[in-house]
Amino acid sequence: MASVRLATWNVNSIRSRIDRVEAFLERHAIDVLAVQETKAREEQLPLMGLQSAGYDVAAVGYDQWNGVAIISRVGIEDVEVGFPDMPGFGDPEPKAEARAIGATCGGVRVWSLYVPNGRKVDDPHYVYKLDWLARLRAAASAWVGEPTALVGDWNIAPRDEDVYDIAAFAKDTHVTPPERAAFQAFLDDGWSDLARPFTPGPEVYTYWDYYRQRFERNRGMRIDFLLGSPALAERVLGAEIDREERAGKGASDHAPVIVDLG
DNA sequence: ATGGTCGGTGGCCGA
């Protein structure tokens, strides 16, 4: 099996970030990049110079609402859109189908995921987030025996050390026991966090809010993860959070996470 | 308990 350098990155609008995306792909020689929060419709995406640079792109999205994509220089096969919004939830229908896209790249089935944010613990979106995760888990259980990666913005900080001040987050989403249990359930099913062993905490994050100079003060959260099935876990050679990508003007509020599969 | 800063949009909402 050929080696694959796989990355995930919440870009917070791919159109405003396209120069950084292209530079990132080239700088790290990324084979497959899962992108979240593209905030673009599919027909807006070919504006990128990616195709001419030799990358294939599969995307789903609607205007400013979320949107996910897979960018690959090792080909894209069998694209599948999954896990839209819950029927009857109340969100405008166009927001559906913007949270997950799967494709086979370089022999690896990659799902680019944007887990619902949840907003507040007393918000219907919070219940929806837990429902969405449960449905993803049910579907994913059928793939755990294959070389599959579930990567993206999980909007969950699984451990206390994954937020800069756990006391400040005590009443917020991302750290509640039900959300953490939902994440742990994937691990119990045999998925494993491919990057954490190579990027141990504490104070190692993938997301920093734009305001209050959170990045400069390293007050962030670890919420972006690459979960791999056992067939991938045994191939991991290393991992890196590209913290430099979060620095400077024009950065996304998330840093990319990279995993090398041998 | 708020507000701070981005992004896309259309005269605010979501993160």
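Sequence lines set the chain letters: A, B, ... in the order given, protein chains first and strands last, and positions in each chain run from 1. As the structure is a prediction and not an experimental result, all values here were calculated from the model.
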Given the [atom1] atoms of [N] and [M], what is the spacing between them in whole Å?
N: B/dG11; M: B/dA1; atom1: C1'; answer: 28 Å
N: B/dA15; M: B/dT9; atom1: C1'; answer: 15 Å
N: B/dG10; M: B/dG4; atom1: P; answer: 25 Å

Exercise. Quick one: salt bridge (charged side-chain N to carboxylate O under 4.0 Å, His left out) pairs with a partner in residues 176-188 of chain A, sequence neighbours left out?
Worked result: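 For residues 176-188 of chain A, and leaving out neighbouring residues, the salt bridge (charged side-chain N to carboxylate O under 4.0 Å, His left out) pairs sorted by first residue read A/Lys129-A/Glu179, A/Asp160-A/Arg180.
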Exercise. Among the nucleotides B/dG8, B/dC6, B/dA15, which one has an atom lying closest to any side-chain atom of A/Ser16?
Worked result: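 The answer is B/dG8.
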Exercise. Of the nucleotides B/dG7, B/dA15, B/dG4, which has the atom closest to the A/Ser13 side chain?
Worked result: B/dG7
For this session: Mind checking side-chain hydrogen bond (donor to acceptor under 3.5 Å, both in side chains) for A/Asp56 and listing every partner two or more places apart, or none if nothing turns up?
Result: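 A/Asp56 satisfies side-chain hydrogen bond (donor to acceptor under 3.5 Å, both in side chains) with no other residue.
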Between [X] and [N], does any side-chain N or O lie under 4.0 Å from OP1 or OP2?
X: A/Arg17; N: B/dG7; result: yes
X: A/Arg15; N: B/dG7; result: no
X: A/Arg212; N: B/dG3; result: no

For this session: Return yes if some donor-acceptor pair links the side-chain N/O of A/Thr104 with the main-chain N/O of A/Asp78 below 3.5 Å, else return no.
Result: no
Problem set entry | Non-neighbouring partners of A/His28 that pass ring-ring contact (aromatic ring centres under 6.0 Å, His included), sequence neighbours left out | A/Phe24
Exercise. With clusters built from Ile, Leu, Val, Met, Phe, Trp and Tyr whose side-chain heavy atoms come within less than 4.5 Å, directly or transitively, what are the remaining members of the cluster of A/Val163, listed by chain and number?
Worked result: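 Traced through the cluster, A/Val163 reaches A/Tyr164, A/Ile166, A/Phe169, A/Val175, A/Tyr205, A/Tyr207, A/Trp208, A/Phe215, A/Met221, A/Ile223.
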Problem set entry | Which residue lies more 5' along DNA chain B, comparing A/Asp153 with A/Gly250 via nearest heavy atoms | A/Gly250
Problem set entry | Residue whose nearest DNA chain B nucleotide is more 5′ - A/Arg214 or A/Gly118 | A/Arg214
Exercise. Of all of residues 157-173 of chain A, which get a heavy atom below 4.0 angstrom from DNA chain B, listed by number?
Worked result: none
For this session: Scan residues 253-262 of chain A for pairs that pass side-chain hydrogen bond (donor to acceptor under 3.5 Å, both in side chains), counting only residues two or more places apart or in two chains.
Result: A/Arg5-A/Asp260, A/Asn10-A/His254, A/Asp224-A/His254
